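For reference, the structure is listed below as structure tokens.
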Amino acid sequence: MNQEILHKPVMIDGNPEKWLQMQRRRVMETLLGIIVVIGLPAIIYSAIRIISLRTLTFNTTYYLIAYSILFIILVFRQIGDRVRSIIMMGVFYSFALLATYSGWLAGSGRLFMLMLIPVASVILSNRASIATAVASFITYIVFGILFYYHLIPFPVLGDFLSPVVMLIEGIGFSIALGIAAASQLYWREASKACAQANNDAILARLEAEEAWKKADEANTLKSQFLASMSHELRTPLNAIINFSQFVSSGLKGPINAAQEDSLNKVTSSARHLLQLINDVLDISKIEANSLQLYIEDDFNIEKLLHEIREIAEVLVENKEVAVVLDIPSPLRPIRGDTKRIKQILLNLVSNATKFTEKGAVTLQAEILKDQLHITVSDTGPGIPDEDREAIFETFRQTETGLKVGKGTGLGLPISKKLAEAHGGSLNYVSELNKGTSFTLILPVHGVSLEEA
Amino acid sequence: MKEKPAYLYVEDDPLSREVFQVLMSEVIGNDHITILEDSADFITRLEGLPEKPDYIFLDIHIEPLNGYQLLKMLRDNSAYHETRIIAVTASVMLEEVRSIRAMGFDGTIAKPFDMRSFASLIRRLEAGEPIWMVS
């Protein structure tokens, strides 16, 4: 998490308004501070004058009152920012009016009034500045009329422009600044939106991190659960499988054929149950994306294929099926997860032998370029079109499959995922009544990214 | 040179103990086996055995001290440097296999034991081959 983002005072309680308010207050207090500090000599001077002359002139009185008000609103924060800002603008505006009328500020009173427009925008709001612009506009028209018709004396000091020019100048500035103030509106809104978006992004990031942490915890819990469950489930199977075999093999005394047959059924069911447990564990690992391969270098694939051939021969014992192992040229050792590759080949071979009644199951292997191609073909019934998609889906067994014998429906999907986890693939071709051929392709150099 | 090597198996599941007993004495024909039900006073009982074991099979999830702790005790003891120590586990999680290898076991066998392949497994073990059989 970028700590800088968190420490930047972008937001307070996720409220952009509060942040803007804080900016406004800063500007207001800075302005007030400057005025109070700079105006102090003038006030002291005015106070001395009043005391020494014992008279109050209008100007001096005005200065004293204005200064006091500004001083009070600077110090007494509890008045509330909005009220303070309005009072301050009021004092400034009164000053601007007097300056324009009395020729203070060497005749720059009207400029001072115009300056109030952006100030209002910064310390109050855009609407206030537009209101200030409108007020200036009206003030100029009124003053213009009053001066033109000599209803009030023209300012003594300052640059004397004709009232009309002053009027036009004032109106022009008012409009220009009013537009500038209005455009502030968009800048403000954009700032607000940015600040809000930043805030949202920070919150979203925090939420995502929280969610990720929770998911990670849940995954760990799940893994631990699976580990202990697999332990609990497999321990009694140890007893079931082994004790039935002890009796059926005659170790516990002579038994007759019928007893042996019954016990063999017990054993094969227990083995099937074990396969189911293993498959379910695998599938849940795959689906949690926590399947990991244990890659070993120099894994002798030829030796494994001979082992698989032997197992296949046992599986087709009572059938008119031949098992053929075809390795055209010696296979060099490859990198891969031994246990998992054996699992894939066992799955393919057990399917092939399961579905084939007559003919042959062929195991072919060769290395082409940097890939190991292993093909398991059978002369079985083939895979009908309507089953083609279901083949690699979990828990789906085809009708042909169900007819021939119990499976878990997980073998092929798991095999395919295992092949892909190695950076390889598993595909097949099939012809009805001719047979099926599954091809497993594995990279010879193994997977460097998913390395255990 | 003994005829048959001596085995020690520490296992808390009574049926698993019996399976091992039958497999070793009746299928393999080796009676030089000792089986402990828990790991209490392990070293004391180990040293009290009539024969020093050549192979020690440890159930990982044994109590009070688990398989890993027993392994450490054995490795720290120079008297058992020649002993091959094999982990027995019913759990097949990759993390467990990895830690078994990392902790320094000489091999691992999975439960359930398979009667059909047990004989060849023991043969390979006694021939000095590494056994990493997690089914």
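Reminder, nothing fancy here: chain letters follow the sequence lines and each chain counts from 1. Values reported hereafter were calculated over all heavy atoms of this structure, with side chains retained and with hydrogens, waters and symmetry mates removed. Keep in mind it's a predicted model, so treat the numbers as computed, not measured.
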Between CD on residue B/Glu26 and CZ on residue A/Phe246, distance to nearest 0.5 Å
8.0 Å
Non-hydrogen atoms of chain B under 4.5 Å away: do they reach the side chain of A/Leu251, the backbone, both or neither?
both
Just verifying a value: how many Å separate A/Ile241 CD1 and B/Arg116 CZ, rounded to the nearest 0.5 Å?
8.5 Å
Taking side chain as everything from C-beta outward and backbone as N, CA, C, O, which of these in B/Ile60 sits under 4.5 Å from a heavy atom of chain A? Side chain, backbone, both or neither.
neither
B/Arg17 versus chain A, heavy atoms under 4.5 Å apart: side chain, backbone, both or neither?
neither
Heavy atoms from other residues, nucleotides or ligands near NZ of A/Lys417 exceed 12 (cutoff 6.0 Å):
no
Are A/Arg271 and B/Asp114 close enough, and set up right, to give a side-chain contact (heavy atoms from CB on, under 4.5 Å), and what steps lead you there?
CA-CA 10 Å; A/Arg271 287 192 194 281; B/Asp114 183 8; 3.3 Å; yes
Neighbour count >12 (heavy atoms, 6.0 Å) for atom NZ, A/Lys303
no
A/Thr235 and B/Asp13: side-chain donor and acceptor closer than 3.5 Å?
no
A/Lys252 versus chain B, heavy atoms under 4.5 Å apart: side chain, backbone, both or neither?
side chain
Does the side chain of A/Gln245 reach to within under 4.5 Å of the side chain of B/Met115, using non-hydrogen atoms?
yes
Between A/Asn242 and B/Pro112 (side chain of the first, backbone of the second, donor and acceptor by atom type, cut-off under 3.5 Å), is there such a pair?
no
With a cut-off of 6.0 Å (strictly less than), are more than 12 heavy atoms of other residues, nucleotides or ligands near CD of B/Glu63?
no
